[in-house]
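Step one of this worksheet: look at the structure below.
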Amino acid sequence: MKQSIVMSLGGSIIVPTDGKLDLIKRIARLLGTYCEAYRFYLVVGGGRTAREYIGYARELGGDESYLDEIGIAVTKLNAMLMITAIGEKAAPVVAENYDTALQLGRNYDIVIMGGTHPGHTTDAVGAMLCERCRGKIFINATTVDGIYDKDPAKFPEATRFHEIDTGELLKLLIGTSAKAGPNVVMDPISVRILERSRIEGLVLDGRNTRELEKAILGENFVGTRIIPAEQ
Ligand code: UTP
């Protein structure tokens, strides 16, 4: 049986800020190259569009879980874009839940999901999908090249972890916002899931498709490895 690889693809790497589609095409090509060897389960995030819509709805007085639902709708929209980019190797529908994703995985090399329920992000969906398909690694392809001791966008002296265990990472994530559309490098819920099921997490900059390729192949890559702590 093919090994399953679950990947959380940040919305910001799927939907270009400059209107150029090179990156989504490159990622689609990369997955097409390796989908004979691995079964890919992709969970696509909402990115800037989700944050924009969540912002509008918040201003209009929407409650947090309704804002989450709006975010989920955008993740599905982005997932449809990913299905389009991949073409016939991808299951033609966005899997609405884990059971459907697994079912589609029996017939397709690449299965795509968006968000599911309010209260978490697509990182958590990816981690749970990884539990369900017995995946050994979970790749979080985002717009930061790993996990830093402080926000690298604000602190130039921030240093990247080559490796961090889930316990340390959870300490770092204390105090991050639980509101809709938070844009945190890793959702704490996803970290707890990696820990409980002893799944290794790989965090990298998904815009760098060479590094993404290395992570898929189990080679050393530029980014951070999340090691499940003993419970
Ligand atoms: P994302 O997973 O994209 O969250 O979902 P993010 O970390 O803010 O953004 P990226 O990583 O840069 O793409 C967007 C929003 O949709 C809601 C949440 O409000 C989330 O912030 N959402 C998503 C859910 O409520 N449940 C889900 O399963 C997924």
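Just so you know, ligand 1 is whichever comes first in the structure, and atom 1 is the first atom listed for that ligand. Heads up: numbering here begins at 1 and tracks the sequence. Here the structure is a predicted model, which means the values were calculated and not measured.
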### L204 vs K214 side-chain heavy atoms within contact, under 4.5 Å
no
### Summary
When distances are taken from atom 20 (C) of ligand 1, the protein heavy atom at minimum range is G181 N, 3.7 Å
### Message
Any side-chain to backbone donor/acceptor pair from D187 onto T121? Under 3.5 Å, distance only.
### Response
yes
#### Entry: side chain to side chain contact (heavy atoms under 4.5 Å, CB included) partners for T33, two or more places apart
none
### Query
Would one find an N or O of E69, backbone or side chain, under 3.5 Å from an N or O of ligand 1?
no
### Interfacing atoms of ligand 1 (cut-off 4.0 Å, heavy-atom, H117)
24 (C), 25 (O), 26 (N), 27 (C), 28 (O)
### Any R26 side-chain heavy atom under 4.5 Å of L212 side chain
no
### Query
What are the atoms of ligand 1, with element, lying closer than 4.0 Å to any heavy atom of G119?
25 (O)
## Note on the structure
Per-atom filter on ligand 1: closer than 4.0 angstrom to a heavy atom of S12 are 12 (O)
### Task
Could you find the nearest protein heavy atom to atom 11 (O) of ligand 1 and give me its residue, atom name and distance?
G10 CA, 4.3 Å
### Task
Give the residue, atom name and distance (to 0.1 Å) of the protein heavy atom nearest atom 28 (O) of ligand 1.
T116 N, 2.9 Å
### Query
Tell me: protein heavy atom nearest atom 22 (N) of ligand 1, and distance?
H120 O, 3.3 Å
## Note on the structure
For G47, the ligand 1 atoms with a heavy-atom partner under 4.0 Å come out as 3 (O), 13 (O)
### Message
Tell me the protein heavy atom at minimum distance from atom 2 (O) of ligand 1, and give that distance in Å.
### Response
T122 OG1, 2.4 Å
### Query
Does any donor atom in the side chain of E213 or Y34 lie under 3.5 Å from an acceptor atom in the other side chain?
yes
### Summary
If we number the atoms of ligand 1 from 1 as shown, the ones under 4.0 Å from a heavy atom of R51 are 8 (O), 9 (O), 12 (O)
### Query
T224 and G146: which non-hydrogen atoms are nearest, and at how many Å?
OG1-CA, 3.5 Å
### Summary
atom 5 (O) of ligand 1 has as its nearest protein heavy atom T75 CG2, 3.9 Å
### Task
For the residue pair Y38 and F40, categorise the inter-ring angle as parallel (less than 30°), tilted (30 to 60°) or perpendicular (more than 60°).
tilted
### Query
Any sub-3.5 Å donor-acceptor pair from R225's side-chain atoms to D165's backbone N or O?
no
## Note on the structure
atom 8 (O) of ligand 1 has as its nearest protein heavy atom N183 N, 3.3 Å
### Task
Can you sort out which atoms of ligand 1 are near G115, meaning under 4.0 Å from one of its heavy atoms?
27 (C), 28 (O), 29 (C)
### Message
Closer than 4.0 Å to some heavy atom of G11 - which atoms of ligand 1 meet that?
### Response
13 (O)
### Message
Restricting to side chain to side chain contact (heavy atoms under 4.5 Å, CB included), what partner residues turn up for P188, sequence neighbours left out?
### Response
L170, L173, T176
### Ionic contact status for K20 with D22, cut-off 4.0 Å
no
### Test of proximity, G46 against ligand 1: N or O pairs below 3.5 Å
yes
### Task
Could you list which atoms of ligand 1 come closer than 4.0 Å to a heavy atom of V125?
28 (O)
### Task
Show the numbers, then the answer: is there a side chain to side chain donor-acceptor pair (under 3.5 Å) between N97 and T100?
CA-CA 6 Å; N97 55 52; T100 308; 2.8 Å; yes
### Task
Tell me which protein heavy atom sits closest to atom 18 (C) of ligand 1, plus the residue, atom name and distance to 0.1 Å.
D68 OD1, 3.3 Å
